[in-house]
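Right, one structure below, let's go through it.
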Amino acid sequence: MRSKVESALPYGLLAPTLLVVVLLIVVPIFQAFLLAFQGSDGGFTLAQFQKMVHDTAFLDALKFTFLLLIFIVPLQIILALAMALLIHKRFRGHSIFLYIYAIPLAISDLAAGIAWLSIFTERGYLNSILHSLGIIDKPFLFLSYQNLPAVFGTIVIAESWRATAIVMVILLAGLEVIPRDYFEAADVFGATALKRTLFVVLPLLRPSLQNALIIRTIFAFQTFSVVLALAGRVIPVLTGEAYYWYAANRNPNVAAAYAVLVMVFTIFITIMYFRLLKTTDAEAGYD
Amino acid sequence: MAGIKFDSVRRVFGKTVASNDVSLEIKDGEFMVLLGPSGCGKTTLLRCLAGLERVDGGRIYIGDRDVTDLAPRDRKLAMVFQSYAVFPHLTVFDNIAFGLKMQGRPKDEIKRRVQEGAELLQLQDYLARYPAQLSGGQRQRVAVARGIVMQAQVLLMDEPLSNLDALLRLQMRAELKRLHAEIKATTIYVTHDQVEALSLGDRIAVMKSGRIVQCDVPMNIYDDPASVFVGGFIGTPPMNFLKGVVSAEGAPQVVVGESRIAPTPAQTPALAARRGQPILLGIRPENLAFASSAQRNTLRGHVVVVEPLGSHKLLTMQVSGETIKVSVPPDQSVASGNDVWLHFDADKIRWMDAGSGDTIH
Ligand SMILES: Nc1ncnc2c1ncn2[C@@H]1O[C@H](COP(=O)(O)OP(=O)(O)OP(=O)(O)O)[C@@H](O)[C@H]1O
Ligand SMILES: [Mg+2]
């Protein structure tokens with residue numbers, strides 16, 4: 001009797017989460033699929049996908065989505081790792097740094113985008129400062145469609161600022177659970193800071209790195225508000241196009257096709273990470 | 001040259017004084033054993049020397065270098081951690097090779113030295129395994145191998161054999177002794193095993209509550225404990241202590257229960273200075289023997305428990321209301337309930353101050 005209750009317990013505890021996941025994630029995914037593949041007659045069709053692929057903005061959106069991914073993810077992982085290692089050193093006042101680093105976590109992404117807009121726009125803070133320092137004599141147009149690399153750069157900066165902290169928190173949590181003995185042993189046996197990081201810290205941190213990469217990459221695919229705020233459609237991205245088709249073109253079916261595409265990419269990359277970063281149980285230190 | 005010198009080393013954790021102004025000099029090539037009850041500060045002292053713990057006061061020297069403010073890796077020592085700290089993501093081979101790789105040694109040298117170390121610790125068959133696939137004792141041996149292959153001038157070992165079975169421990173002890181004779185690294189070795197301490201140590205430092213209470217060659221520690229604490233800590237079973245009073249008149253004698261114990265001529269002046277005062281008589285279990293009748297320096301004892309242990313019989317006895325241990329030859333006929341006379345030589349007695357517990361000389 002008792003064992004039956006015990007074996008049911010985990011499912012009971014998971015049930016509320018499962019319910020929320022089903023209602024808020026599984027059902028919408030299902031609906032998106034329906035919308036994407038359903039023609040006006042209610043039958044199966046690929047017309048929406050053809051429309052999507054032949055749209056003039058499609059290739060650009062694809063390109064920029066992946067470019068953002070390629071620039072932002074490594075940059076954030078490296079920054080977050082540096083921040084996490086710094087805090088892990090437990091120097092005097094390290095907890096203040098933790099709070100400062102964590103501030104962007106509390107800001108919604110659209111608000112963050114608008115904050116950065118006020119920095120980079122023609123009469124924004126950055127131009128004012130550069131001007132008052134005498135470095136430039138007329139405002140530099142960071143966000144002009146004539147200067148795509150600059151627009152792209154501002155998006156990378158804003159996104160990195162906004163979402164590096166979450167990566168750092170994941171990595172720091174991973175670092176904290178690694179017994180300090182391992183780092184101490186590395187020190188005693190003559191590892192320099194660099195070698196210790198490469199040969200001891202990173203391998204032991206691999207499970208956390210994997211999580212951070214997955215979460216970060218999924219977020220990078222979904223980058224939307226910051227791009228919208230800073231660049232509008234000057235830099236198209238896949239999620240932005242989904243929004244555009246839904247809101248401006250009033251075509252939820254093509255919007256759903258974009259959403260499905262983003263989901264397919266996300267799943268594909270997640271599986272790839274699991275494959276590439278796989279640790280055997282033995283290596284991970286489990287008996 | 002790599003002697004070690006602790007000069008008033010102090011380390012405080014909150015209210016705990018883990019290292020209370022410890023001063024200790026270890027000669028180049030010496031094998032120093034740290035012995036003491038759990039929590040007395042042995043690991044802390046090693047960690048201070050290794051640079052893993054900052055000191056709150058005092059200086060530490062290796063050779064003539066002041067290493068107090070050096071980073072661990074600049075101290076050029078090897079260490080076997082009490083917690084092993086064997087890297088879980090590296091195979092046994094890579095674990096043992098870790099320090100050598102950090103030094104950038106050539107591949108074939110690393111391979112040779114790892115093989116040697118693995119052989120010494122009987123790990124040849126496990127080189128390709130990960131630590132999670134090893135038993136606790138095997139993991140500990142990996143930690144020892146990783147330390148000794150470095151052939152560093154200073155080797156710190158924190159209870160390196162604590163998790164091995166008795167037989168393996170015996171073998172490893174001999175191997176470590178042979179290795180030390182060969183390499184002559186200045187070694188600090190922490191152990192709870194007294195046989196290990198007595199067999200390996202050139203000297204033993206006995207610690208208590210963050211202090212070194214006695215540091216001497218093993219036989220002196222055993223024969224001449226500096227205090228009741230050391231006598232009661234060293235030896236299995238440890239030294240017995242009986243309460244007595246120095247006689248107020250006549251030639252100084254000590255009254256223990258109904259017996260009168262006469263000191264040796266060398267002990268007499270010290271006792272004469274304590275007439276009428278309480279005193280502790282310390283005697284080791286193997287220095288007591290059965291006597292047929294009351295003689296000089298005998299005690300009346302009642303046998304409570306007899307434990308035949310092969311090489312000897314261990315008796316638990318009541319003497320003047322106190323419980324003591326007595327070790328007698330295996331063929332001694334004795335049964336619990338017997339009342340016997342116990343004899344000892346006066347020069348085997350150690351007199352201790354009843355208040356401070358310090359040995360009286
Ligand atoms: N990081 C720490 N923080 C707080 N207290 C500590 C810390 N490290 C050690 N101590 C305390 O310092 C004292 C000495 O500890 P230490 O580890 O040196 O003992 P030990 O002699 O090695 O004991 P054992 O034989 O059990 O290993 C203990 O009372 C311990 O609780
Ligand atoms: Mg210890």
Side-chain angles (χ1 to χ4, degrees), chain A residues 81 84-86 88-95 170-171 173-213 273-287, chain B residues 43 46-47 49-54 67 70-92 94-105 126 128-136 139 142-143 145-150 152 154-158:
Chain A
L81 188 66
L85 287 174
L86 191 68
H88 189 62
K89 284 210 140 213
R90 301 229 178 120
F91 57 91
R92 201 176 275 267
H94 68 274
S95 52
I170 295 171
L171 295 183
L175 276 177
E176 294 290 345
V177 298
I178 301 173
R180 275 175 191 262
D181 306 14
Y182 296 134
F183 307 145
E184 292 177 347
D187 282 344
V188 167
F189 283 96
T192 57
L194 180 67
K195 281 183 175 170
R196 186 185 60 182
T197 308
L198 288 180
F199 300 132
V200 179
V201 178
L202 287 183
L204 290 175
L205 201 56
R206 196 148 74 165
S208 303
L209 274 172
Q210 189 180 41
N211 290 341
L213 267 175
Y273 280 143
F274 272 118
R275 291 243 161 142
L276 287 179
L277 294 168
K278 196 160 88 177
T279 37
T280 63
D281 282 355
E283 283 174 287
Y286 302 119
D287 288 291
Chain B
T43 299
L46 288 199
R47 288 173 57 83
L49 177 56
L52 300 174
E53 209 74 70
R54 72 182 160 76
V67 299
L70 288 187
R73 81 189 158 88
D74 296 325
R75 304 193 182 196
K76 310 232 177 304
L77 43 77
M79 181 166 177
V80 179
F81 287 72
Q82 185 171 12
S83 56
Y84 316 161
V86 168
F87 301 118
H89 63 291
L90 297 179
T91 60
V92 171
D94 289 331
N95 260 292
I96 301 177
F98 187 84
L100 299 171
K101 281 188 180 161
M102 291 302 118
Q103 289 181 345
R105 302 264 170 189
Y126 306 109
R129 290 211 198 167
Y130 285 97
Q133 301 163 322
L134 300 178
S135 73
R139 260 177 250 177
V142 175
R146 181 177 64 182
I148 62 179
V149 295
M150 299 301 292
V154 174
L155 177 59
L156 311 181
M157 294 195 264
D158 201 342

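Chain naming here is simple, since letters A, B, ... match the order of the sequence lines and numbering starts at 1 in each.
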Heavy-atom distance under 4.5 Å to chain A: side chain of B/Met150, backbone, both or neither?
side chain

Hey, which of B/Ala50, B/Pro72, B/Ala71 has the most heavy atom pairs under 4.5 Å with chain A?
B/Pro72

Heavy-atom closest pair (A/Phe189 atom, B/Ala78 atom, distance to 0.1 Å) is CE2-CB, 4.3 Å

Nearest-0.5 Å distance that lies between atom NE2 in B/His89 and atom CZ in A/Arg206
9.5 Å

Considering only heavy atoms from C-beta outward, does the side chain of B/Leu90 approach that of A/Phe199 to under 4.5 Å?
no

Considering all heavy atoms, the nearest B/Val86-A/Tyr182 contact
O-CE2, 3.2 Å

Looking only at heavy atoms, the pair that brings A/Glu184 and B/Arg47 closest together is OE1-NH1, 2.7 Å

Under 4.5 Å from any heavy atom of chain B - which part of A/Phe183:
neither

Heavy-atom pairs under 4.5 Å with chain A - which of B/Met102, B/Lys101, B/Arg129 has more of them than the others?
B/Met102

Would you indicate whether the side-chain heavy atoms of A/Pro203 and B/Phe87 approach each other to under 4.5 Å?
no

Residue pair A/Val200 / B/Phe98, side-chain heavy-atom distance below 4.5 Å:
yes

Check: A/Thr192 and B/Arg73 side chains under 4.5 Å, non-hydrogen atoms:
yes

Under 4.5 Å, counting heavy-atom pairs only, tell me which of B/Lys76, B/Arg146, B/Gln103 racks up the most with chain A.
B/Arg146

